[in-house]
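So you know, we letter chains A, B, ... as the sequences are listed, proteins then strands, and number each from 1.
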Amino acid sequence: MGISYDWTREILTCEPKYYKWTQWIFLLLYKRGLAYRKPAYVNWCPNCQTVLANEQVSDGRCWRCSSVVVKRKLTQWFFKITAYAERLLDDLKYLEGKWPDEVINLQRNWIGKSEGVRIVFKLPEFDKQLPVFTTRADTVFGVTFIAIAPEHEILEGLPLSEEVHQYIERSLRISEIERTSREREKTGVFTGMYAVHPFTGERIPIYVCDYVLATYGTGIVMGVPAHDQRDFEFAKKYGLPIKVVIKPVDGELSEPLDKAYEEYGVMVQSGKFTGLTSEEGISAVADELKAMGLGGREVQFHLRDWLVSRQRYWGAPIPMIHCPRCGVVPVPEEELPVRLPEVVDYAPKGKSPLESVPEFINTKCPRCGGDAKRDPDTMDTFVDSSWYQLRYTDPHNDNEIFDPNVAKRWLPIDQYIGGIEHATGHLIYFRFITKVLYDAGISPVSEPALRLFTQGMILNEDGKVMSSSKGTAVPVRPLVQRVGADVARVGVLFLGPPEKEGIWSERVVEGARRFLDRVYRIVTENLDIVTKNVPANDSILLRKINYTIKKVTEDIEHFHYNTAIAALMELVNEFYKSKKDETLGYGLYTLVKLIAPFAPYLAEELWHRIGGEGSVFHTSWPQYDPAKVYLPEIEIPVQVDGKLRARLQVPFDVTEDDIRKRALEHPKIRQHIMGKQVKRIIVVPKKLINIVTK
RNA sequence: GCCGAAGUGGCGGAACUGGUAGACGCGCCUGAUUCAAAAUCAGGUUCCCCGUGAGGGGAGUGGGGGUUCGACUCCCCCCUUCGGCACCA
């Protein structure tokens with residue numbers, strides 16, 4: 001397709017000389033308390049036989065193979081991206097207007113900041129506390145039950161009946177899709193225990209409920225059936241009381257409720273808070289809780305920590321050693337890279353392939369020197385690509401991750417291009433790791449890319465995503481062999497705006513081919529007049545040439561390739577109508593340069609045919625005379641009462657009075673305003689004139 | 001449910017901060033060239049009505065309102081399609 005890369009800067013993230021530094025970054029995060037290991041219920045793809053990060057599960061399915069993801073309790077490595085949630089959100093302000101709004105929006109939603117209140121319910125018999133997070137602290141007097149997520153670790157320290165154990169087990173077995181399906185009835189089981197309400201001292205029954213997420217907030221929720229639809233449904237099913245504590249500002253609620261009243265209102269039956277509005281109540285309750293030492297204001301994010309362990313062979317080994325005496329010990333920096341062994345059997349078996357390679361897994365503890373084992377997992381490959389922009393600045397440096405002076409010159413990335421599908425995955429990781437490296441004084445910038453452009457996908461003729469494995473792709477090689485790279489390029493670019501998806505059609509090939517043929521013919525048939533000299537005299541054609549230079553230059557800057565090509569087509573159409581003079585000669589010379597980004601092979605060929613030296617890509621881009629861009633005579637539409645009635649040919653610099661006079665004298669206009677009274681005349685310079693009658 | 005984007009000829013799509021809607025291309029129609037065809041070249045092509053014709057009139061950017069001399073563009077309501085999130089308390 002004629003794509004130019006600087007191959008001298010090629011990097012391969014799977015080579016030890018690259019992943020050495022990926023491991024180095026892992027150790028850096030570990031040192032900074034941003035890499036940690038914890039047992040958790042994690043996303044497990046049964047087909048890929050590996051765990052997945054939150055961002056890599058969509059609709060409960062694996063991003064790679066679309067299998068339904070299940071939960072597994074495993075001890076895994078996480079990057080504490082949530083510690084950067086606030087900054088990742090805040091710094092989006094530096095990207096506004098430079099990144100697509102859509103991407104900024106997606107990130108904002110994904111990070112999902114939510115301001116609320118932490119409320120602690122005590123469990124005195126067991127000397128435990130049940131903290132909950134709520135955005136509606138004003139409804140705290142309406143709590144009639146407490147709901148704990150089935151996988152919550154606090155349950156492990158509580159005496160649970162057989163029934164509760166069975167319920168928990170059942171909840172964990174069903175898939176995420178099933179469990180979070182809206183249609184499914186909420187279920188739960190009473191634990192037989194009660195918590196103490198912080199304000200009323202009432203005994204509140206504790207349930208384990210599968211509609212509570214363990215990974216959000218505290219994993220425990222206060223149930224307020226009157227003011228939360230989910231709690232309402234649950235209370236109905238289990239016969240729990242529904243206690244109204246908020247009423248509309250200007251009215252009453254008719255009880256019994258048939259659904260939860262979720263709007264803001266005024267607090268009722270709420271002790272000393274009664275009479276406050278919801279807004280007032282939320283902050284009053286928060287203040288009071290803080291004073292009591294039972295909670296206070298809190299911020300929660302939807303963003304979860306980034307699970308980076310993978311049970312795959314491909315990826316950088318996690319540079320950690322498990323020692324029976326010293327625990328988890330980082331591999332000393334000077335021992336990096338921890339190399340992947342040559343493994344015969346890559347097939348996923350539910351545990352890391354590295355685990356069954358004794359010469360890899362068995363090692364010595366760097367601290368005590370005794371027998372120890374390496375971490376068998378590899379890192380998510382998204383870790384590799386979250387810092388590659390830094391390595392590209394200095395790709396062959398064997399002594400350090402990169403030369404900071406060199407990186408300073410290159411970064412941030414002026415223009416980053418990628419698909420929208422990376423909005424909440426790579427593009428968040430990428431920003432996160434860059435910030436961590438910035439904080440550590442390593443990256444010269446805290447935002448990796450100043451401008452982002454997200455290109456749309458080209459769909460096949462059925463409007464489907466192209467997939468070579470499914471055989472629904474239009475293979476590039478045969479296409480290029482048949483029509484040539486230039487035609488293929490112009491065809492795709494002319495399809496439509498590149499940020500939107502486009503449907504591939506054989507038809508676009510026809511237009512592109514015809515256009516490039518016309519370019520070739522007009523240039524080669526007029527080789528004798530081609531000149532690089534700007535003609536001394538002015539002409540309409542010269543202005544058209546200048547206009548096209550301006551248009552194409554600006555369009556390229558804004559990724560409007562389709563309209564840039566359209567402008568070139570117009571120019572070529574003009575050339576075919578022109579007489580063969582030095583202006584055309586200059587136009588053809590200019591055309592060869594303007595067409596080069598779109599049809600590089602043709603441009604290079606024509607450049608030599610017109611006697612150019614070296615490569616057209618080493619010449620300067622055409623310049624235009626701003627004084628000779630617009631036509632000396634322009635057409636001005638004349639409207640009567642907003643309806644187009646005539647067109648006037650006037651000089652470009654016509655005065656307002658003159659144009660007014662000419663319009664009123666025009667026979668067709670006189671016909672239309674005959675018998676009417678002219679109320680106003682609106683003249684928009686160089687645009688139009690509108691005569692308003694009574 | 002929440003957040004976001006988009007609806008323009010037969011088709012892909014143009015239209016800058018409100019100012020000639022349909023650039024450019026595909027397709028189609030007519031003509032030239034040709035023994036014929038392909039290719040190429042020239043012209044036409046939003047829809048409806050009147051006119052043999054030059055031409056004239058009307059409607060029109062998903063639907064309905066509004067602001068304005070003037071709306072594809074701005075505001076309100078609705079419909080449809082697509083994308084993201086989705087029991088986030």
Between rG65(B) and rA15(B) - C1' atom distance, rounded Å = 25 Å

Margin query: Over all strands shown, is Glu635(A) touching base, sugar-phosphate only, or nothing at heavy-atom distances under 4.0 angstrom?
Written below: base

Item to complete: For Lys113(A), answer base if it contacts any base atom (sugar-phosphate contacts may also be present), sugar-phosphate if it contacts only those atoms, and nothing otherwise; contact means non-hydrogen atoms under 4.0 Å.
Response: nothing

Tell me what Ile682(A) touches on the nucleic acid: a base, only sugar-phosphate, or nothing, going by heavy atoms under 4.0 Å. base

Paired to rG27(B) by Watson-Crick or G-U wobble criteria (both distances under 3.5 Å) is rU45(B)

**Message:** Regarding Lys686(A), tell me which of base, sugar-phosphate or nothing describes its non-hydrogen contacts under 4.0 Å with the strands shown.
**Reply:** nothing

Problem set entry | Student check: side-chain heavy atoms of Arg108(A) and Leu89(A) closer than 4.5 Å | yes

Could you check whether the side chain of Gln639(A) and the base of rU20(B) have a donor-acceptor pair of N or O atoms closer than 3.5 Å, going by distance alone? no

Q | OP1 or OP2 of rC41(B) under 4.0 Å from side-chain N/O of Arg514(A) | A | no

Rounded to whole Å, the CG-C1' distance (Asp641(A) to rU68(B)) equals 14 Å

Checking Ser66(A) against Arg61(A): is there a side-chain donor and acceptor pair closer than 3.5 Å?
no

Cys62(A) and Val69(A) have their tightest heavy-atom pair at N-CG2, 3.6 Å

(request) Would you classify Leu688(A) as touching base, sugar-phosphate or nothing, given that sugar-phosphate means primed atoms plus P, OP1 and OP2, and contacts are heavy atoms under 4.0 Å? (result) base

**Prompt:** Is His560(A) touching bases, backbone alone, or none of the nucleic acid, heavy atoms closer than 4.0 Å?
**Reply:** nothing

Between CD of Glu574(A) and P of rA23(B) the distance, given in whole Å, is 15 Å

- How would you label the contact of Asn105(A) with the nucleic acid (heavy atoms, under 4.0 Å): base, sugar-phosphate, or nothing? sugar-phosphate

Answer for the Watson-Crick or wobble partner of rU73(B), both distances under 3.5 Å, is none

May I ask you to check whether Arg64(A) and Gln56(A) show a side-chain donor-acceptor distance below 3.5 Å?
no

Categorize Arg521(A) for me: base, sugar-phosphate, or nothing, with a 4.0 angstrom heavy-atom threshold over every strand shown. sugar-phosphate

If pairing means Watson-Crick or G-U wobble with both distances under 3.5 Å, then the partner of rG13(B) is none

*Checking all strands, does Asn573(A) fall into the base, sugar-phosphate, or nothing category for heavy-atom contacts under 4.0 angstrom?*
sugar-phosphate

- Angle class for the Tyr84(A)/Phe432(A) ring planes (parallel below 30°, perpendicular above 60°, tilted otherwise)? perpendicular

Presence of Arg304(A) side-chain N/O under 4.0 Å of rC85(B) phosphate oxygens OP1/OP2: no

